[in-house]
Amino acid sequence: MSSVSNDVAQRTVSLADEEAVKQVLATTMVSLWQAVNTLTRLRPSRRDRYRVAIFGSARAQPGTPVYEEVKRAAAAFTAMGCDIVTGGGPGLMQAANEGAASAGLEGRSFGIRVELPFEQDVNPFVEHAFEHGTFFTRLQHFVIASDAFVVVPGGIGTVLETLMIWQLLQVRHVDNVPLILVGNMWKGLVEWTAESMLDPRMPLASPQDIHIPQCLETADEAIAVVRGLHEQWLRGREPAPTS
């Protein structure tokens with residue numbers, strides 16, 4: 001047998017060899033994770049429009065006050081020149097996509113979905129839909145695609161998304177991206193973190209970590225804050241004056 005054939009034989013693993021198969025799978029998975037980690041370092045050098053991600057409940061019904069307020073806020077964001085990015089599902093995600101669509105501008109409404117056994121299809125107001133098999137890849141897509149995060153009332157999934165973005169900002173894997181919490185429910189969460197994690201007997205976080213999210217009460221406040229952020233973003237895109 002030639003040296004080439006010997007080399008091929010050494011690289012070949014029989015499916016009957018369970019331990020060797022496990023080793024090949026483990027090695028391959030680590031290599032894939034390394035490739036994914038490397039690719040996630042890439043960021044767009046220039047985006048055409050400011051993108052606002054909106055996290056919120058899948059259970060809120062059209063016509064309810066919170067649904068209509070989220071729709072109004074998303075419409076205002078879109079009218080000022082922003083894209084809207086949501087989880088693409090029903091409830092307040094749909095409200096945000098509907099608000100974006102109501103502005104009458106094409107290509108402004110995005111949905112980043114994850115496969116779930118009990119949720120409906122992409123809501124009808126999403127213009128650009130993306131499907132993910134895991135929450136991990138979906139969150140990474142949100143991070144790459146968004147310039148600001150606006151969190152409206154939601155359940156466990158919304159809390160999970162909020163805390164993951166909060167943690168990424170804390171450890172500076174995401175930097176200079178606003179995390180805006182809208183609604184009375186979020187003030188209690190932030191107060192709980194301050195009371196529980198800043199206990200001088202055993203501090204579990206730094207004071208600056210608690211101030212990462214900005215808590216607002218109303219849609220009008222959120223519209224005003226995003227307008228200021230968008231104007232700042234636009235100024236940063238202006239070419240430097242020539243001498």
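Here the structure is a predicted model, which is why all the values come from computation and not from measurement. Along the sequence shown, the residues carry numbers beginning at 1.
A side-chain donor-acceptor contact under 3.5 Å links Thr193 to the backbone of Val190. Remark: side-chain polar atoms of Asn97 are not paired, donor with acceptor, to backbone N or O of Ser109 under 3.5 angstrom. No donor-acceptor pair closer than 3.5 Å links the side chain of Gln214 to the backbone N or O of Ile180. Using modelled atom types, no side-chain atom of Ser206 and backbone atom of Asp209 make a donor-acceptor pair closer than 3.5 Å. Judged by distance alone, with hydrogens and angles left aside, the side-chain atoms of His230 form a donor-acceptor pair with the main-chain N or O of Met80 at under 3.5 Å.
Side-chain contact, Thr28 with Ser31: no donor N or O sits under 3.5 Å from an acceptor N or O.
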Side-chain polar contacts of residues 16-24 - donor-acceptor pairs under 3.5 angstrom, sequence neighbours left out - could you list them?
{"from": "Asp17", "atom 1": "OD1", "to": "Ala20", "atom 2": "N", "distance (Å)": "3.3"}
{"from": "Glu18", "atom 1": "OE2", "to": "Lys22", "atom 2": "NZ", "distance (Å)": "3.4"}
{"from": "Gln23", "atom 1": "NE2", "to": "Thr27", "atom 2": "OG1", "distance (Å)": "3.2"}

Pairs of donor and acceptor atoms involving the side chains of residues 143-153, under 3.5 Å and at least two apart or interchain, shall be tabulated with distances.
{"from": "Ser146", "atom 1": "OG", "to": "Phe142", "atom 2": "O", "distance (Å)": "2.8"}
{"from": "Asp147", "atom 1": "OD1", "to": "Arg47", "atom 2": "NH2", "distance (Å)": "3.4"}
{"from": "Asp147", "atom 1": "OD2", "to": "Arg47", "atom 2": "NE", "distance (Å)": "3.1"}
{"from": "Asp147", "atom 1": "OD2", "to": "Arg51", "atom 2": "N", "distance (Å)": "2.9"}

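Residues Val171 and Val174 do not share a hydrophobic cluster, clusters being chains of Ile/Leu/Val/Met/Phe/Trp/Tyr side chains in contact below 4.5 Å. Neither Phe125 nor Val122 shares a network with the other; the hydrophobic side chains, linked directly or stepwise wherever heavy atoms of I, L, V, M, F, W or Y lie under 4.5 Å apart, form separate groups for each. By the rule that hydrophobic residues join a cluster once side-chain heavy atoms approach within less than 4.5 Å of another member, Val159 and Val182 end up as members of separate clusters.
Using a 4.5 Å cut-off on side-chain heavy atoms (C-beta onward), Ile212 and Gln170 make contact. Under the 4.5 Å side-chain criterion, counting only non-hydrogen atoms from C-beta, Leu216 is in contact with Val225. Looking at Pro203 and Leu198, their side chains never come closer than 4.5 Å, going by heavy atoms from C-beta outward. Between Thr134 and Glu115 there is no side-chain heavy-atom pair separated by less than 4.5 Å. Side-chain atoms of Met197 and Trp192, non-hydrogen and from C-beta on, do get closer than 4.5 Å to each other. Taking the side chain as every heavy atom from C-beta outward, Ile84 and Arg108 never approach each other to under 4.5 Å. Using a 4.5 Å heavy-atom threshold, the side chains of Phe110 and Val126 count as separate. Under the 4.5 Å side-chain criterion, counting only non-hydrogen atoms from C-beta, Ile54 is not in contact with Val85.
A 6.0 Å sphere centred on CD1 of Ile156 holds no more than 12 heavy atoms belonging to other residues, nucleotides or ligands. Taking a 6.0 Å sphere around CD of Gln208, one finds it holds more than 12 heavy atoms contributed by other residues, nucleotides or ligands.
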When you look at Asp48 and Asp83, which way does the side-chain contact (heavy atoms from CB on, under 4.5 Å) test go after all the steps? CA-CA 10 Å; Asp48 291 336; Asp83 290 340; over 6 Å; no

Test side-chain contact (heavy atoms from CB on, under 4.5 Å) applied to Tyr50 and Phe77, step by step: CA-CA 9 Å; Tyr50 194 78; Phe77 299 157; over 6 Å; no

Give the C-alpha distance, both sets of side-chain angles, the deciding distance and a yes or no for side-chain contact (heavy atoms from CB on, under 4.5 Å) between Val226 and Val52. CA-CA 8 Å; Val226 171; Val52 180; 4.1 Å; yes

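Annotation: the span from Leu189 atom CG to Thr162 atom OG1 amounts to 8.0 Å, rounded to 0.5 Å. In this structure, the separation between CD on Glu191 and OG on Ser196 is 11.0 Å, given to the nearest 0.5 Å.
Closest non-hydrogen pair, Ile210 versus Ala205, comes out as CD1-CB, 4.4 Å. What you find for Glu69 and Ala219 is that their closest heavy atoms are OE1-CB, 3.5 Å. Considering every non-hydrogen atom in both Ala103 and Ala79, the closest pair reads CB-N, 4.4 Å. In terms of heavy atoms, Ala96 sits closest to Val70 at N-CG1, 3.9 Å.
Take His132 and apply the ring-ring contact (aromatic ring centres under 6.0 Å, His included) test, not counting sequence neighbours, and it matches His141.
For the pair Arg72 and Asp220, the salt-bridge criterion is met [side-chain N within less than 4.0 Å of a carboxylate O].
The stretch residues 57-67 participates, sequence neighbours left out, in these side chain to side chain donor-acceptor pair (under 3.5 Å) pairs: Tyr67-Gln94, Tyr67-Glu98. For the side chain to side chain donor-acceptor pair (under 3.5 Å) condition, no pair includes a residue of residues 175-190, sequence neighbours left out. Legend: salt bridge (Lys or Arg N to Asp or Glu O under 4.0 Å) pairs involving residues 159-168, not counting sequence neighbours, sorted by first then second residue: Arg138-Glu161.
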